[in-house]
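Just below is one structure, and these are the notes that go with it.
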Amino acid sequence: MPELPEVETVVRDLRPEVAGRTIVAVPHAASSVIRYPAPEVLAALLPGGSFDQVRRQGKYILCGLSRDGGPAGESLIVHLGMTGHLEVCDAAAPERPHTHLRARLDDGRELRFADARRFGRVMYGDPATLSAARLIPRLGVEPLGEEFTPARLDAVLRGTTRMLKAALLDQRGIAGLGNIYVDEICHRAGVRPTRRCPRLTRRERAALHAAVISVLQAAIRNRGSTIDDYRDLWNAKGSHQEELRVYGRGGSSCMRCGEVLRRTVVAGRGTTYCPACQR
DNA sequence: ACCTACCTGGCC
DNA sequence: GGCCAGGTAGGT
């Protein structure tokens, strides 16, 4: 499932591929995945736009487009959802199943978006306008940015009485964490995902802050985790699934203390933790 | 602050 | 043949 490390990997790979390239045609744009504007409108608006930046906000991919040299302030925005996939391929390459958007580039290649489960989304417009229209939610702090200080995490956790896992999954607090990395972060910090935020000690909050950063950085170094569907721009798997300590390991022994890992449901999500070394 | 719907491939 | 996976929006 694409979370921050997977999206960051896609963005880093995509940036040099499309930088300076101009969209010359949109041979295919359909389905509910295209949220705004309507697919045929989006198909009419994209041609003529040149990619001048590719960046990430939380799990969102924002591709800034300029026109006739001047910046248009509009972006092609993609969220991968659960099974969304971006690829840059030859225009003659066969279309993968569930392809919802194809944008022909001026070098003869195509940027394509496919998504079997259609939890992903594609939008086009000025990010501020889309935000105001609530097509993009207001996102919290970037966990790998310099604003993500221990004090900032404290502020996020202090504002709620929910369980730790629910707070970490909330994109309005910290942007980019999902089910896999939240479980990994809690394990590394030695804190149970079921703990109520107000009950966390200063020491635990500091451990969580460090764990957020180290877990995400390690996952990015390994180009993300391929549990099931995730593939990068070139259809290659990430390798961080081999480094996961708790996700998907319920019933196996803890790699830190040897206790049997417990699987439960927290915040409506499958959750794995070590009952011995996570308190 | 929690619960359900959305959606489909893969598995029992 | 039915259930589960889960990021997010929307409803209660």
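Note: hydrogens, waters and symmetry copies are ignored here, and every other heavy atom, side chains too, is used. By convention in this document, chain letters (A, B, ...) are assigned in the order of the sequence lines, proteins followed by strands, and residues within each chain are numbered from 1.
- For A:E147, the CD atom sits in a packed shell: over 12 heavy atoms of surrounding residues, nucleotides or ligands are nearer than 6.0 Å.
- For the OP1/OP2 pair of C:dA5 and a distance below 4.0 Å, the side-chain nitrogens and oxygens of A:R263 include at least one atom meeting the criterion.
- With salt bridges taken as basic N to acidic carboxylate O contacts below 4.0 Å, one links A:E17 and A:R109.
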Enumerate, atom names and distances included, each donor-acceptor pair closer than 3.5 Å involving a side-chain atom of residues 184-192 of chain A, sequence neighbours excluded.
{"unit_1": "A:E184", "atom_1": "OE1", "unit_2": "A:R245", "atom_2": "N", "d": "2.7"}
{"unit_1": "A:E184", "atom_1": "OE2", "unit_2": "A:R245", "atom_2": "N", "d": "3.3"}
{"unit_1": "A:E184", "atom_1": "OE2", "unit_2": "A:V246", "atom_2": "N", "d": "2.9"}
{"unit_1": "A:E184", "atom_1": "OE2", "unit_2": "A:Y247", "atom_2": "N", "d": "2.8"}
{"unit_1": "A:R188", "atom_1": "NH1", "unit_2": "A:S214", "atom_2": "OG", "d": "3.2"}
{"unit_1": "A:R192", "atom_1": "NE", "unit_2": "A:Q278", "atom_2": "O", "d": "2.8"}
{"unit_1": "A:R192", "atom_1": "NH2", "unit_2": "A:P275", "atom_2": "O", "d": "2.7"}

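- Residue contacts shown for A:S32 are absent, as no nucleic acid heavy atom lies under 4.0 Å away.
- Residues A:Y181 and A:E6 have side chains that bring a donor and an acceptor to within less than 3.5 angstrom of each other.
- Note that the two end axes of the helix from B:dA1-C:dT12 to B:dC12-C:dG1 enclose an angle of 50°, each drawn from 5 base pairs, rounded to 10 degrees.
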Where protein sits on nucleotides 7-12 of chain C, one letter per nucleotide: B base, S sugar-phosphate only, - none, heavy atoms under 4.0 Å: BBS---
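- Identified under the salt bridge (Lys or Arg N to Asp or Glu O under 4.0 Å) test for residues 154-175 of chain A, with sequence neighbours left out: A:D154-A:R205, A:R162-A:D170, A:K165-A:D183, A:D170-A:R172.
- Side-chain atoms of A:L139 and A:K59, non-hydrogen and from C-beta on, never get closer than 4.5 Å to each other.
- Backbone-only contact: A:T161 has heavy atoms under 4.0 Å from sugar-phosphate atoms and none from a base.
- No engagement by A:R172 is indicated, since no non-hydrogen atom pair under 4.0 Å with the nucleic acid exists.
- A salt bridge links A:D13 with A:R223; the closest basic N to acidic carboxylate O contact falls under 4.0 Å.
- Between A:R162 and A:R118, the residue anchored nearer the 5' end of DNA chain B, judged by the nucleotide with its closest heavy atom, is A:R162.
- A nucleotide of DNA chain B counts as in contact with chain A when one of its atoms lies under 4.0 Å from a heavy atom; the first and last such, 5' to 3', are B:dA1 to B:dG9.
- Place A:R117 and A:D228 on DNA chain B by their nearest nucleotides, and A:R117 ends up nearer the 5' end.
- A:L208 has its side chain within reach of A:L200: a pair of non-hydrogen atoms, C-beta onward, lies under 4.5 Å apart.
- Here A:R231 does not pair with A:E87 in a salt bridge; the nearest charged N to carboxylate O distance is not below 4.0 Å.
- Looking at heavy-atom distances under 4.0 Å, A:G120 makes no contact with the nucleic acid at all.
- Between the side chains of A:T9 and A:D232, not a single donor N or O lies within less than 3.5 Å of an accepting N or O.
- Put simply, A:Y230 has no side-chain N or O that comes within less than 4.0 Å of OP1 or OP2 on C:dA5.
- Shown here are the ring-ring contact (aromatic ring centres under 6.0 Å, His included) partners of A:H79, two or more places apart in sequence or in another chain: A:Y60.
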